[in-house]
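Data first, discussion second: the structure below is written as structure tokens.
Letters A, B, ... are given to chains in the order of the sequence lines, protein chains preceding strands, and every chain is numbered from 1. Heavy atoms only: backbone and side chains are in, while hydrogens, waters and symmetry mates are out.
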Amino acid sequence: MSDNNSAQNPVNLRLPDGSVRTFDGPVTGTTLASDIGPGLLKAALAIRVNGDVWDLSREIIADADVAIITKNDEEEALDILRHDCAHVMAEAVQELFPGTQVTIGPNIEDGFFYDFARDKPFTEEDLAVIEARMHEIVKRNEDITREEWDRDEAIKHFASIGEKYKAEIIRDLPESDTITVYRQGEWKDLCRGPHLPSTGKLGDAFKLMKVAGAYWRGDSKNEMLTRIYGTCWRDKKELRAYLHRLEEAAKRDHRKLGKEMGLFHLQEEAQGSVFWHPQGYKVWLELEKYIRGRLGDSGYSEIKTPQLLDSKLWEQSGHWSKFRENMFVVPDETPNTEEDAPVISGTAKLMALKPMNCPAHVQVFKQGIKSYRDLPIRFAEFGCCHRNEAHGALHGLMRVRQMTQDDGHIFCREDQVTEESVAFCELLASVYSDLGFPEFKVLLATRPDVRAGTDEIWDKAEAALEQALRSRGIDFEYAPGEGAFYGPKLEFHLSDAIGRTWQCGTLQTDFVLPERLDATYVGEDGTKYRPVMLHRAILGTLERFLGIMIEHYAGRLPLWLAPTQAVVTPITSDADDYAIRVHAALEAAGMRASLDLRNEKINYKVREHSHAKVPAIVVVGQREAENEQVSIRRIGSKDQTVLGLSEAISALSKEGRMPGA
RNA sequence: GCUGCCGUGGCUCAGGGGUAGAGCACCCCCUUGGUAAGGGGGAGGUCGGGAGUUCGAAUCUCCCCGGCAGCACCA
């Protein structure tokens, strides 16, 4: 191709429709757009050049495949708009609050943020002021231009204006990188780009959302910066839709629903541990019963292991040195009962609440002598674990300090790993589908830099997991280096009703713990071998999974899980006797039914039970009583169905049956 | 743990230097009403905890605790 420096060479640009436009020399996206038409020029945001997104003002000096990017190109448009929005925000901040240093301001899902260094953090009130100034900057329609700078000049420039973070960023950029600075009116920022041609193109579909602290370079050892989050869309309608989505998500918040539905509560005397109420615990028990049944059918034996274990065991397992800071330690002594004396001597032998069940499961495995014929041995436990999570990490049911895992460990021979993994994947997919999560994503987390075991073992382990996925036709992605130090793992991320994903299931291979805790079995040749240990969970923890379920179903749990499946209530007290009969019949059919005989209007009672998210409101009046019928109103519906009593009961109890039961 | 905001009856929230308010829920009475709030009356809190400023603090200051949003963490 032609010499880049030869400005006289013609430049041929091929458009997405295949047509080619030829220019005498270097040409900008703006020129191309205006050449095609004034409408496109007006709509143009950026240009795609051989697959890369460029500024419209950047000269294209050689033949290329190009496409003008407009708001119709959703993904690219949002990227550019959000990134520009971050810059406009930074300009507004520096105009309003001189002396504030800028650091980084990337796009994120649904918006952007920018981290600033400032003595005094921003407050929510500042946001309105900054946002108003942003709108002004958009109105000013400042030109945005790209400049390539010499690296040292750039460092010197940013250092001289007191932007030490920017200078540090440039210093750390690879030597091969071109340093680009974008000028936006009077304001300049180091940036890779691309950007809009001018601030006017940003429009007004943005909003600053919240302020927060964030560590410089994401490291808690560094100073904390003040971060402003914003959202930005292609038009007002999209912005409104997004804000509406946030409101809808907030309505599903399991902490709010948990309170409204009387499922559980948390209080400061037991931070991070849940008080389950009668209604909530009914859901818990149903879910536990379901999982117990599935595990039993899949060849697991349920066990129960101690809560408190000697620190010696944790030393052996390796947790004592690595994870002690997250463990609750308990001295094994009689507390001092004298007043004014320390309760604890400080010299006692230490025990710890288990943060996980694996070492205890190995102890059970080690009882007696195991033959290769015994393998695989599959232990399951609804293991109650404690982890001393940082206070700031606690969040409703989603992140707790006392959790119950649907834990399980499979002890098997190396040649059984694939087979066991396949079986686990099948079980997990079936459980997720039963629970209303047919879609999930799988990640294969491979060997980290710091790891135990030889490369040969890792090769085998990774291959075994991969083979299991492939043989079931399960799509997956790699998460390189994300494996545990003791072995590779599969992570199962399910998608909920509003598109969020949650990592719940996991399958981890482990060659280290059987070694450390000296688990063995006798092989065919009569000598001892190490079993492979597979750690696995489907729900992860019951607490968190119930939180996810509550949000997924917005509190309207499927009939089989709902704490109260049906409430029977009469229109007037004339039908009380019949209502009592209906209620008794539902309970006799094994349903969790309640009876509401209060002297309240039917409107009132329907409203209240709807708020309580009872799946079926069974209303009976004179008419129903005379005809041996019931009127059923299902949650979410404004209509009701009148059915014969026995017909209604068999339909409800059939629907209310646990999956697979 | 870090930064910011918040902490008022069971719940949701208003108030804001002179010794607490509303709605819902609760209790009582009236109402017997056909599918999302019928009416009246009553009881209930000393304002997260502690210290300070003040004649006087729920209201101002400081410390602690907790909650929320992020960050960091998540074996």
Side-chain angles (χ1 to χ4, degrees), chain A residues 108 113 115 118 120-127 209-229 250 253 255-256 259-260 262 265-272 314 317-327 355-356 358-359 385 387-396 398-401 403 448 483-487 489 503 506 508 510 512-513 535 540-541 544 569-576 597-612 617-624 631-635 637-642:
Chain A
I108 51 171
F113 66 74
D115 285 348
R118 185 180 180 231
K120 197 168 158 279
F122 294 107
T123 64
E124 303 281 341
E125 290 83 73
D126 294 331
L127 293 189
M209 304 299 286
K210 56 196 169 200
V211 290
Y215 297 108
W216 166 236
R217 300 206 146 161
D219 188 335
S220 60
K221 287 194 222 29
N222 290 341
E223 58 271 40
M224 183 156 271
L225 307 169
T226 170
R227 172 176 296 182
I228 301 181
Y229 283 95
D253 191 312
R255 294 166 299 183
K256 178 175 137 72
K259 196 179 275 181
E260 285 171 7
H265 87 270
L266 296 155
Q267 68 184 52
E268 61 181 279
E269 287 78 3
Q271 268 183 69
W314 302 113
S317 70
H319 293 102
W320 197 248
S321 56
K322 269 187 107 96
F323 304 113
R324 194 172 40 188
E325 64 187 56
N326 287 311
M327 290 167 70
M356 50 188 28
C358 354
C385 297
R387 296 182 188 178
N388 195 348
E389 304 284 3
H391 288 77
L394 301 176
H395 181 92
M398 300 305 190
R399 192 81 181 271
V400 290
R401 303 215 286 188
M403 66 210 76
F485 78 94
Y486 49 74
K489 60 183 179 185
Q503 197 218 308
T506 182
Q508 311 179 3
D510 184 352
V512 174
L513 209 55
H535 306 249
T541 75
R544 179 159 171 275
T569 192
I571 305 254
T572 70
S573 54
D574 293 345
D576 279 6
L597 297 180
R598 289 174 306 167
N599 174 17
E600 294 289 353
K601 286 198 170 177
I602 194 62
N603 286 327
Y604 181 87
K605 291 191 283 193
V606 164
R607 176 184 150 85
E608 204 173 64
H609 295 123
S610 297
H611 279 158
I617 301 175
V618 180
V619 176
V620 294
Q622 274 305 309
R623 288 206 299 265
E624 286 79 10
S631 165
I632 299 180
R633 176 180 169 132
R634 299 299 300 262
I635 183 82
S637 163
K638 282 195 188 319
D639 306 320
Q640 58 264 193
T641 320
V642 177

task: Please work out if A/Thr572 contacts a base, only the sugar-phosphate, or nothing of the nucleic acid, heavy-atom cut-off 4.0 Å.
output: base

statement: Between A/Glu389 and A/Leu394, the residue closer to the 5' end of RNA chain B by nearest nucleotide is A/Leu394

query: When all nucleic acid strands are considered with a 4.0 Å heavy-atom cut-off, which category describes A/Ala393: base, sugar-phosphate, or nothing?
result: base

query: Under 4.0 angstrom, heavy atoms only, what part of the nucleic acid is A/Asp219 near: base, sugar-phosphate, or nothing?
result: nothing

message: Would you say that A/Lys221 contacts A/Tyr215 through its side chain, given a criterion of any heavy-atom pair below 4.5 Å between the two side chains?
response: no

field: B/rG1 base / A/Tyr215 side chain donor-acceptor hit below 3.5 Å
entry: yes

- line: Residue pair A/Thr123/A/Val620 against RNA chain B: nearer the 5' end by closest nucleotide is A/Thr123

- prompt: When rounded to the nearest Å, what value does the distance between C1' atoms of B/rC13 and B/rC71 take?
  reply: 30 Å

query: Should B/rU46 form a Watson-Crick or G-U wobble pair with both distances under 3.5 Å, which nucleotide is its partner?
result: none

query: Just to confirm, is there a sub-4.0 Å distance from OP1 or OP2 of B/rG34 to any side-chain nitrogen or oxygen of A/Gln640?
result: no

- request: Please determine if a side-chain N or O atom of A/His319 lies less than 4.0 Å away from the OP1 or OP2 oxygen of B/rA75.
  value: no

task: Establish whether the base of B/rU32 is bridged to the side chain of A/Ser573 by a donor-acceptor pair shorter than 3.5 Å.
output: yes

query: With a non-hydrogen cut-off below 4.0 angstrom, is A/Lys605 in contact with a base, only sugar-phosphate, or nothing?
result: nothing

message: Does B/rA36 have OP1 or OP2 under 4.0 Å away from a side-chain N or O of A/His611?
response: no

- request: Classify the nucleic acid contact of A/Tyr486 as base, sugar-phosphate or nothing, counting any heavy atom under 4.0 Å across all strands shown.
  value: sugar-phosphate

- prompt: Would you say A/Asn222's side chain and A/Trp216's backbone share a donor-acceptor pair under 3.5 angstrom?
  reply: yes

message: Any donor-acceptor pair under 3.5 Å linking the side-chain atoms of A/Thr506 with those of A/Lys489?
response: no

message: What's the gap between B/rG9 and B/rA58 when it is taken at their C1' atoms, as a whole Å value?
response: 14 Å

query: How is A/Pro570 classified with respect to the nucleic acid when contacts are heavy atoms under 4.0 Å: base, sugar-phosphate, or nothing?
result: nothing

task: Hunt down the Watson-Crick or G-U wobble partner of B/rG23, both distances under 3.5 Å, from any strand shown, or write none.
output: B/rC11

query: Where the side chain of A/Glu268 is concerned, which of B/rG66, B/rG34, B/rU32 is the nearest nucleotide?
result: B/rG66

query: For B/rA25, does OP1 or OP2 lie under 4.0 Å from any side-chain N or O of A/Tyr604?
result: yes

- request: Report the distance from atom CZ of A/Arg401 to atom CE of A/Met403, rounding to the nearest 0.5 Å.
  value: 10.0 Å

message: Please classify the nucleic acid contact of A/Lys210 as base, sugar-phosphate, or nothing, using heavy-atom distances under 4.0 Å.
response: sugar-phosphate

- request: Describe the nucleic acid contact of A/Gly318 in one word from base, sugar-phosphate, nothing, applying a heavy-atom distance below 4.0 Å.
  value: nothing

field: Strand partner of B/rU54, provided both Watson-Crick or wobble distances fall under 3.5 Å
entry: none

query: What's the shortest heavy-atom distance between A/Glu124 and A/Met209, and which atoms?
result: OE1-O, 4.2 Å

message: If you compare every side-chain N and O of A/Lys256 against the phosphate oxygens of B/rC11 (OP1, OP2), does one of them come in below 4.0 Å?
response: no

- prompt: Does A/Arg255 make a side-chain N or O approach to OP1 or OP2 of B/rC68 shorter than 4.0 Å?
  reply: yes

task: Answer with yes or no after comparing the ring centroid distance for A/Tyr604 and A/His609 against a 6.0 Å cut-off, counting only values under it.
output: no

- prompt: Hey, does the side chain of A/His395 come within less than 4.0 Å of B/rA69's phosphate (OP1/OP2), counting only N and O?
  reply: yes

task: Pick base, sugar-phosphate or nothing for A/Tyr229, based on heavy-atom distances below 4.0 Å to the nucleic acid.
output: sugar-phosphate

